[in-house]
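Report on the structure given below.
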2 protein chains.
Amino acid sequence: MLIRIDPSSADPLFEQVGQQVRALVARGDLPVGTRLPSARDLAASLDVNLHTVLRAYQDLRDDGVIELRRGRGAVVAHAPDHAPLHRAIAAVVAAARELDVPPATTLALLKEALR
Amino acid sequence: MLIRIDPSSADPLFEQVGQQVRALVARGDLPVGTRLPSARDLAASLDVNLHTVLRAYQDLRDDGVIELRRGRGAVVAHAPDHAPLHRAIAAVVAAARELDVPPATTLALLKEALR
DNA sequence: CTACTTGTTATCCATCAACTAGAACAACTT
DNA sequence: AAGTTGTTCTAGTTGATGGATAACAAGTAG
């Protein structure tokens, strides 16, 4: 599991964990059915509290990214082919760079467009 | 000024204000040179503290979106033609909807791609 | 069945960012 | 000269974040 956490980041820890897993799943690095490390294990290896990882996992479950079951752990649930999405995102990044649009503005635009 | 705030949102107030202004400027609704309402006025009309608006304005200034001058207020600074960026973003939203990817995942992907 | 693993839930606490409040000040406009 | 507006400062409140601990429920593995 290639999850890294930056304790000094502005983003909350549980959100960082969630974002990393989302990216891994969307990228196809974690096929459907893959078992994620147990919340306790991941918490220990990231040197973070159990509840922090658990909150990330529960957010992911609420979005249908993973399934959670006691005794079995967290399993990747949904993972279609995201290639078109990645191409579209790459195009956005290129356009933003080209136009010298700050990242915060690009994110604000996408955020609004997604509502 | 069409700025609306949702006090119950998870996003901080100052960030919401900033995002709305970013979107307005990028959309071309606020041409270069347009005066934004003074921080005091906007704070009053949003029923928010002066410092909250000021923090949003200063973030925008740091990104070159607006200029701030005492006595004159906030003025839209930079506003190239963002049409290509908007098209790219629309494509991302379409792809995400098509693939049934949750908004949080789409944002996580863009966030990572922008680094 | 038994032991173990793992998510779930609950309580309590510490810290920090966000927000508010009030005030004085500096630069600019009119 | 008067008014406007951003800048800076101090101080307090609130809520989210994160940690520590513990008991519990549902599944797995033997």
Side-chain angles (χ1 to χ4, degrees), chain A residues 1 3-21 25 30 33-77 104 108 111, chain B residues 1 3-21 25 30 33-77 104 108 111:
Chain A
M1 287 290 307
I3 294 190
R4 285 159 307 169
I5 291 304
D6 176 15
S8 69
S9 163
D11 292 343
L13 299 180
F14 74 91
E15 225 174 85
Q16 292 183 49
V17 174
Q19 282 171 9
Q20 303 247 348
V21 175
V25 172
L30 299 176
T34 307
R35 268 194 69 172
L36 298 182
S38 79
R40 280 173 235 263
D41 284 356
L42 186 53
S45 81
L46 293 178
D47 196 29
V48 150
N49 192 272
L50 163 66
H51 296 75
T52 304
V53 174
L54 237 21
R55 179 161 176 190
Y57 275 12
Q58 282 158 2
D59 282 354
L60 294 171
R61 179 197 52 190
D62 292 347
D63 274 354
V65 177
I66 62 176
E67 280 185 8
L68 293 178
R69 301 226 188 128
R70 299 187 248 212
R72 205 201 320 183
V75 177
V76 175
K111 214 166 192 174
Chain B
M1 285 291 306
I3 295 189
R4 286 159 307 167
I5 292 303
D6 176 14
S8 70
S9 163
D11 292 342
L13 300 180
F14 75 92
E15 227 175 84
Q16 291 184 48
V17 174
Q19 283 172 8
Q20 303 247 348
V21 175
V25 172
L30 300 177
T34 307
R35 268 192 70 173
L36 297 182
S38 79
R40 280 174 237 262
D41 284 357
L42 185 54
S45 80
L46 293 178
D47 195 29
V48 151
N49 193 272
L50 163 67
H51 295 76
T52 303
V53 173
L54 237 22
R55 179 158 175 192
Y57 275 12
Q58 282 158 3
D59 282 354
L60 293 172
R61 179 196 53 193
D62 292 346
D63 274 354
V65 177
I66 63 177
E67 280 185 7
L68 293 178
R69 298 223 191 131
R70 297 189 250 210
R72 206 202 318 184
V75 177
V76 176
K111 213 166 193 174

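In what follows, every chain begins at residue 1, and chains take the letters A, B, ... in the order their sequences are listed.
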B/Leu36 CG to D/dG6 C1', straight-line distance once rounded to whole Å: 13 Å
Separation of D/dG18 P from A/Phe14 CZ (nearest whole Å): 6 Å
Any A/Arg55 side-chain nitrogen or oxygen under 4.0 Å from OP1 or OP2 of D/dG19: no
Value rounded to 0.5 Å, distance of CG in B/Asn49 from CZ in B/Arg55: 12.5 Å
B/Arg35 side-chain N/O to D/dT4 phosphate OP1/OP2 under 4.0 Å: no
Touch class at under 4.0 angstrom, heavy-atom based, for A/Leu54 against every strand present: base
Atom of B/Gly18, atom of B/Ala56 and distance for their closest heavy-atom approach: N-CB, 3.9 Å
Minimum-distance nucleotide to B/His51 side chain [options: C/dG22, C/dT6, D/dT17]: C/dG22
Earlier contact from the 5' end, DNA chain C, for A/Gly71 and A/Leu50: A/Gly71
Euclidean distance, atom CG of residue B/Asn49 to atom C1' of D/dA11 [Å, nearest integer]: 13 Å
Phosphate OP1/OP2 of D/dT28: any A/Arg69 side-chain N/O under 4.0 Å: no
Short side-chain N/O contact from A/Arg72 to OP1 or OP2 of C/dT5, under 4.0 Å: no
Side-chain heavy-atom pair B/Val17, B/Thr52 within 4.5 angstrom cut-off: no
Nearest-0.5 Å distance, CD of residue A/Gln20 to CD of residue A/Gln16: 7.0 Å
Which residue lies more 5' along DNA chain D, comparing A/Leu13 with B/Gly73 via nearest heavy atoms: B/Gly73
Distance in angstrom units between B/Gln16 CD and C/dA17 P, rounded: 20 Å
Options D/dA22, C/dA18, C/dT8, nucleotide nearest the side-chain atoms of A/Arg40: C/dT8
Below 4.0 Å: OP1/OP2 of D/dT7 and any side-chain N or O of B/Gln58: yes
Rounded distance (Å) that lies between atom C1' of D/dT17 and atom CD1 of A/Ile5: 14 Å
A/Thr52 vs B/Arg70, nearer the 5' end of DNA chain D by closest nucleotide: B/Arg70
For atom CG of B/Asp41 and atom C1' of D/dT5, their distance in whole Å: 10 Å
Atom-pair distance (CG on B/Asp62; C1' on D/dG6), nearest Å: 14 Å
B/Asp63 (side chain) donor-acceptor with B/Val65 (main chain) under 3.5 angstrom: no
Sugar-phosphate, base or nothing in reach of A/Ala74, heavy atoms under 4.0 Å: sugar-phosphate
